[in-house]
Amino acid sequence: MIKINAKQTTLQIGEHKGEDRFVLQAQTFSTLDEGKVIEEAALRSNISTAVIKAAWDAASSVLKAWATEGHSCPLPGLGHMRFGIRATTVEKVEDVKSNLITSRRIIFTPSVSIKEALAKTSISITCYDKDGNKIKTVTSADADDIEEDNGSTDADGENTNNGTSSNSNNTNSGSDDSSNTPPPEGGGFGG
């Protein structure tokens with residue numbers, strides 16, 4: 001289940017600037033430690049942590065080397081990862097220089113199976129007012145939403161206002177810079 005927070009926020013920009021609107025953002029948890037992932041893989045495979053760690057390090061080294069050479073590298077069960085850039089354009093060929101590059105990025109293209117799994121995963125949205133009070137929970141059941149109005153004032157959920165921008169009724173609250181770049185042909189979410 002994908003857990004979403006809907007936090008009532010005063011918008012700072014866009015068509016609805018100054019209005020209080022509910023902004024949806026996926027709940028994020030702490031970043032998992034590499035050792036924790038290796039331990040879990042060892043438990044699931046009955047292979048020692050030392051062997052998993054050696055394979056992990058070798059695979060990481062190969063992926064880093066090949067990706068920096070320009071290859072799109074597979075991430076098992078997930079999709080492909082490649083490096084990319086953002087750059088300023090120029091009119092004249094004599095102005096083309098490496099300082100036109102404004103950022104170097106990692107671009108992830110999910111596999112079809114991951115996109116399908118994500119599309120089928122149920123959603124739970126917890127709504128919070130401006131004071132962080134939990135006011136409603138909505139869960140998905142196929143195409144219908146089931147509302148659970150529990151009147152709770154539990155504010156244990158993440159209350160974030162990360163400078164979310166709004167354009168009309170849509171918001172972009174993600175922090176992954178690559179979400180604004182079109183994926184390679186045939187790749188990307190929802191494609």
Side-chain angles (χ1 to χ4, degrees), residues 1-37 40-41 44 75-82 84 86 102-191:
M1 176 174 287
I2 298 173
K3 296 183 178 181
I4 308 288
N5 287 338
K7 176 72 164 70
Q8 189 180 31
T9 305
T10 304
L11 299 182
Q12 302 300 314
I13 61 172
E15 179 184 345
H16 299 283
K17 181 179 178 179
E19 294 180 20
D20 289 341
R21 296 179 76 89
F22 284 90
V23 177
L24 275 65
Q25 182 175 12
Q27 285 185 17
T28 54
F29 299 94
S30 60
T31 301
L32 291 174
D33 179 74
E34 178 181 302
K36 175 72 174 164
V37 176
E40 185 66 23
R44 292 180 186 214
L75 300 175
L78 298 174
H80 283 78
M81 183 263 314
R82 65 183 174 88
R86 284 192 183 208
T102 57
S103 66
R104 300 175 190 210
R105 305 163 47 243
I106 297 173
I107 299 166
F108 172 72
T109 304
S111 66
V112 171
S113 62
I114 284 291
K115 290 192 285 186
E116 288 173 353
L118 185 60
K120 293 176 185 176
T121 302
S122 60
I123 302 286
S124 174
I125 305 173
T126 304
C127 303
Y128 296 92
D129 65 16
K130 288 182 75 170
D131 297 322
N133 299 312
K134 182 174 162 183
I135 55 177
K136 180 171 97 170
T137 301
V138 178
T139 57
S140 65
D142 296 328
D144 301 320
D145 280 346
I146 299 170
E147 187 175 315
E148 174 191 315
D149 189 355
N150 56 15
S152 172
T153 57
D154 179 11
D156 289 340
E158 179 182 2
N159 298 324
T160 59
N161 180 356
N162 63 350
T164 300
S165 62
S166 175
N167 184 2
S168 184
N169 291 329
N170 299 322
T171 60
N172 176 12
S173 58
S175 59
D176 180 7
D177 191 33
S178 67
S179 64
N180 297 324
T181 302
E185 190 173 311
F189 278 117

Donor-acceptor contact present, side-chain [X] to main-chain [Y], <3.5 Å:
| X | Y | value |
| --- | --- | --- |
| T102 | R86 | yes |
| Q8 | K130 | yes |
| D33 | G35 | yes |
| Q27 | Q25 | no |
| N5 | K7 | no |

**E40 bridged to R44 by N-O distance under 4.0 Å** =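 The answer is yes: the pair qualifies as a salt bridge.
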**Message:** Working note: V138 + I4, criterion side chain to side chain contact (heavy atoms under 4.5 Å, CB included); need CA distance, chi angles, decisive distance, verdict.
**Reply:** CA-CA 10 Å; V138 178; I4 308 288; over 6 Å; no
**Item:** Min side-chain heavy-atom separation I125-F22 under 4.5 Å
**Value:**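 Side chain of I125 against side chain of F22, heavy atoms only: no contact under 4.5 Å found.
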Specify the closest pair of heavy atoms between [X] and [Y], including all atoms of both residues, with the distance to one decimal.
| X | Y | answer |
| --- | --- | --- |
| G77 | S111 | O-OG, 4.0 Å |
| S124 | T137 | OG-CG2, 4.0 Å |
| M81 | L75 | CB-CD1, 3.8 Å |

**Prompt:** Measuring from H80:NE2 to L78:CG, what's the distance to the nearest 0.5 Å?
**Reply:**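 Going from NE2 on H80 over to CG on L78, the span is 11.0 Å.
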**Request:** Working to the nearest 0.5 Å, report the span between CD1 of I135 and CG of D129.
**Result:** 5.5 Å
